[in-house]
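All remarks here apply to the structure that follows.
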Amino acid sequence: MIVFSKIIANAIKTNRQAYLVERHLSKFMILKRSFYEQEVITVATALLGKILVHESVDGTTAGRIVETEAYLGPEDEAAHSSGGRRTTRNEVMYGLKGHAYVYFIYGLYYCLNVTAGDVPGKPEAVLLRAIEPVAGEDIMAKRRQLAEGKNANLTNGPSKLCMAMGISKRQNKAAITTPPIYINDAPAPEEAIVETTRIGVDYAGEWKNRNWRFYLKENLFVSKK
DNA sequence: TGCACGATTCTCT
DNA sequence: GAGAATCGTGCAA
């Protein structure tokens with residue numbers, strides 16, 4: 001853990017927040033389950049600036065979370081758990097908080113959610129939509145079949161970040177409070193947080209208008225649209 | 001059992 | 001900006 005924190009610090013030396021990260025290095029801890037047991041919108045905003053890490057057989061990749069979306073429980077018509085729908089696919093949403101909900105979409109891609117919320121058993125989650133790479137960019141580029149180098153196209157979308165981080169169905173239901181996949185605490189972001197509507201939920205009636213998408217203002221790795 | 005579709009991305013124009 | 005890619009999942013019959 002401590003060793004890897006140093007790797008992160010070195011990797012983001014060029015980042016304008018690097019000095020803050022280094023100063024807070026000693027405080028770097030994997031976020032515990034209690035973090036995810038807060039109100040889901042609180043978790044969605046609090047995750048901004050935190051470091052998603054995946055220690056895989058290919059090597060370790062890590063990225064600073066810069067964009068999230070909150071999906072509330074049965075009342076939220078945009079959520080997979082809308083109307084209390086409980087299926088094989090979304091079963092993990094009904095379990096413990098702080099677990100990965102990875103689903104397959106469009107026959108090609110995966111998306112990573114983290115279960116969260118302050119009501120046990122209520123199926124809520126936070127979709128991770130974009131990260132800013134801080135370690136293992138070469139591995140990410142190889143997985144994304146892109147030229148090496150820090151490139152926004154590496155991770156500026158929910159399925160792009162899954163490809164870059166090596167996240168697939170295998171990580172579904174995994175606890176993200178312990179290696180190999182976890183989220184490290186980090187200093188609160190300096191950037192302003194933008195609140196806007198969620199993407200790709202036009203089917204959700206009035207719920208599509210909720211400002212439950214959050215991202216760091218002017219961050220280059222925020223997904224387009 | 002069969003069908004419609006999706007919390008997306010990529011390529012082509 | 002438009003359309004294609006591609007298949008697991010959910011739901012109706």
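Sequence lines set the chain letters: A, B, ... in the order given, protein chains first and strands last, and positions in each chain run from 1.
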Can you find a heavy atom in the side chain of A:Pro123 that is under 4.5 Å from one in the side chain of A:Pro74? yes
Only pairs at least two apart or in different chains count here, so list each side-chain hydrogen bond (donor to acceptor under 3.5 Å, both in side chains) that has a residue in residues 195-207 of chain A. A:Asp76-A:Arg198, A:Glu206-A:Arg210
Just the rounded figure in Å: distance from P of B:dT8 to CG of A:Leu112. 14 Å
Atom CD1 of A:Ile167 and atom P of B:dA7: how far apart are they, to the nearest Å? 19 Å
Is the shortest distance from a Lys or Arg side-chain nitrogen in A:Arg129 or A:Glu69 to a carboxylate oxygen in the other one below 4.0 Å? yes
Under 4.0 angstrom between A:Arg89 side-chain N/O and B:dG6 OP1 or OP2: no
Evaluation steps, side chain to side chain donor-acceptor pair (under 3.5 Å), between A:Arg143 and A:Ser56: CA-CA 12 Å; A:Arg143 286 173 176 155; A:Ser56 75; 2.7 Å; yes
Applying side chain to side chain donor-acceptor pair (under 3.5 Å) to A:Tyr215 and A:Glu191, what does each step give before you reach the verdict? CA-CA 9 Å; A:Tyr215 64 85; A:Glu191 303 99 312; over 6 Å; no
So if I take residues 73-81 of chain A and measure heavy-atom distances to DNA chain B, which residues fall below 4.0 Å? A:Ala78, A:His80
So if I take residues 115-128 of chain A and measure heavy-atom distances to DNA chain B, which residues fall below 4.0 Å? A:Leu127
Heavy atoms under 4.0 Å, any strand shown: does A:Lys208 hit a base, just sugar-phosphate, or nothing? nothing
To the nearest 0.5 Å, what is the distance between CZ (A:Arg144) and CG (A:Asn153)? 5.0 Å
Pull out every protein N or O sitting under 3.5 Å from an N or O of nucleotides 10-13 of chain B, one pair per line with the distance.
{"residue": "B:dC10", "atom": "OP1", "partner": "A:Arg144", "partner atom": "NH1", "Å": "2.6"}
{"residue": "B:dC10", "atom": "OP1", "partner": "A:Arg144", "partner atom": "NH2", "Å": "3.0"}

Separation of C:dC7 atom C1' from A:Tyr110 atom OH, nearest Å, is 10 Å
Could you check how far CG of A:Asn90 sits from C1' of B:dA7, rounded to whole Å? 13 Å
Return the value, rounded to whole Å, for the distance between atom CG of A:Asn113 and atom P of B:dG6. 17 Å
Heavy atoms only: give me the nearest A:Ala164-A:Thr155 pair and the separation to one decimal. CB-CG2, 3.6 Å
Stem segments of DNA chain B by first residue number [Watson-Crick or G-U, under 3.5 Å, at least 3]: B:1-6 with C:7-12, B:8-12 with C:1-5
Members of residues 91-106 of chain A that approach DNA chain C, where some heavy atom sits under 4.0 Å away: A:Phe104, A:Tyr106
Given A:Lys142 and A:Asp58, is the salt bridge (Lys or Arg N to Asp or Glu O under 4.0 Å) satisfied, shown in steps? CA-CA 10 Å; A:Lys142 191 171 292 182; A:Asp58 301 331; over 6 Å; no
